[in-house]
Amino acid sequence: MHQDVKEILYSKEELGQRIAELGAEISKDYAGESVVLVGVLKGAIVFFTDLARAIDDNVDVSFDFISCSSYGNSTVSTGVVRILKDLDRPVEGKHVLVVEDIVDTGTTLHYLLGNLKSRGAKSVRLVALLNKPERRKVPVDVDYIGFTVPDYFVVGFGLDYAEQYRQLPYIGILKESVYEEA
Ligand code: 5GP
């Protein structure tokens with residue numbers, strides 16, 4: 001375990017098992033359909049690649065990526081979200097499944113889901129590896145959830161602190177001393 005991690009919340013094996021279940025559920029729901037998986041950079045990238053490979057070949061899957069930056073402090077209910085890197089292709093008339101690492105205050109996803117719907121997508125759904133409902137400030141419907149987590153700052157499996165820890169194969173709670181020192 002990394003020295004900055006206090007506790008492992010979900011091991012590599014637990015994540016693998018849950019992602020396989022999510023893939024099976026998504027495969028059933030989209031059987032015979034085409035869907036654009038929209039990965040939210042950068043945190044969702046590890047989850048995205050595992051999830052994509054857990055979706056059966058009876059679903060016609062394509063990939064696209066978007067990057068958002070959230071401004072405003074966490075005590076404000078609606079932050080300003082800016083798109084830093086937009087999708088490569090239009091989603092009009094397509095089923096879209098947004099793939100996110102974690103839904104926290106909901107600010108980013110509330111904006112993003114509304115934005116994608118306004119582009120005329122046939123449907124827009126959300127799959128999040130982690131959900132922190134205690135922290136929600138803006139409502140977000142999460143269609144598929146990996147795990148519901150308490151209000152800890154977690155890292156690993158794509159999630160960072162100051163761009164570090166993304167490569168850890170598990171989800172762990174970051175020691176408070178790491179961000180207190182910063
Ligand atoms: P929201 O807009 O829902 O408040 O924020 C979502 C984003 O905040 C996530 O995509 C993620 O980048 C970041 N975030 C929220 N909670 C955590 C956490 O516990 N750990 C890490 N590493 N990032 C988090």
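Bear in mind that the values here come from a model prediction, so they are computed numbers and not experimental data. Residue indices begin at 1 and follow the sequence shown. Read the numbers this way: they start at 1 and go in the same order the structure lists the ligands and their atoms.
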side-chain contact (heavy atoms from CB on, under 4.5 Å) evaluation trace for Ile173 with Leu9: CA-CA 7 Å; Ile173 302 173; Leu9 268 187; 3.8 Å; yes

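- Contact annotation: for Glu100 versus ligand 1, heavy atoms closer than 4.0 Å belong to the side chain alone.
- Atom numbering of ligand 1 starts at 1 in the shown order; those under 4.0 Å from a heavy atom of Tyr152 are 19 (O).
- The backbone N or O of Leu126 lies less than 3.5 Å from a partner atom in the side chain of Asp143, making a donor-acceptor pair.
- With Asp64 contributing its side chain and Asp88 its backbone, the two residues share a donor-acceptor pair below 3.5 Å.
- Between the side chains of Tyr161 and Asp4, no donor-acceptor pair of N or O atoms lies under 3.5 Å.
- At under 3.5 Å, a nitrogen or oxygen of Val154, whether backbone or side chain, sits near a nitrogen or oxygen of ligand 1.
- When non-hydrogen atoms are compared, ligand 1 lies under 4.0 Å from neither the backbone nor the side chain of Val40.
- Contact annotation for Lys132 and ligand 1: only side-chain heavy atoms (C-beta onward) come within less than 4.0 Å of the ligand.
- Proximity of the aromatic rings of Phe65 and Phe48 is defined here by a centroid distance below 6.0 angstrom, and this criterion is met.
- By the side-chain contact (heavy atoms from CB on, under 4.5 Å) test, Ser11 pairs with Glu13, Glu14, sequence neighbours left out.
- Close approach to Thr108 involves these atoms of ligand 1, each under 4.0 Å from a residue heavy atom: 1 (P), 2 (O), 5 (O).
- Note on ligand 1: Gly106 sits in its first shell, one or more heavy atoms being nearer than 4.0 Å.
- The ligand atoms of ligand 1 that sit less than 4.0 angstrom from a heavy atom of Asp101 are 9 (C), 10 (O), 11 (C), 12 (O).
- Scanning both residues, Leu116 and Val91, for their nearest heavy atoms gives O-CG2, 4.3 Å.
- Applying the 4.0 Å criterion to heavy atoms of Asp160 picks out, from ligand 1, the atoms 21 (C), 22 (N).
- In terms of polar-atom proximity, Val103 is not counted as a contact of ligand 1, lacking any N or O under 3.5 Å from an N or O of the ligand.
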Residue pair Tyr10, Leu129: steps toward the side-chain contact (heavy atoms from CB on, under 4.5 Å) verdict: CA-CA 11 Å; Tyr10 303 108; Leu129 180 61; over 6 Å; no

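- Contact annotation: for Tyr161 versus ligand 1, there are no heavy atoms closer than 4.0 Å.
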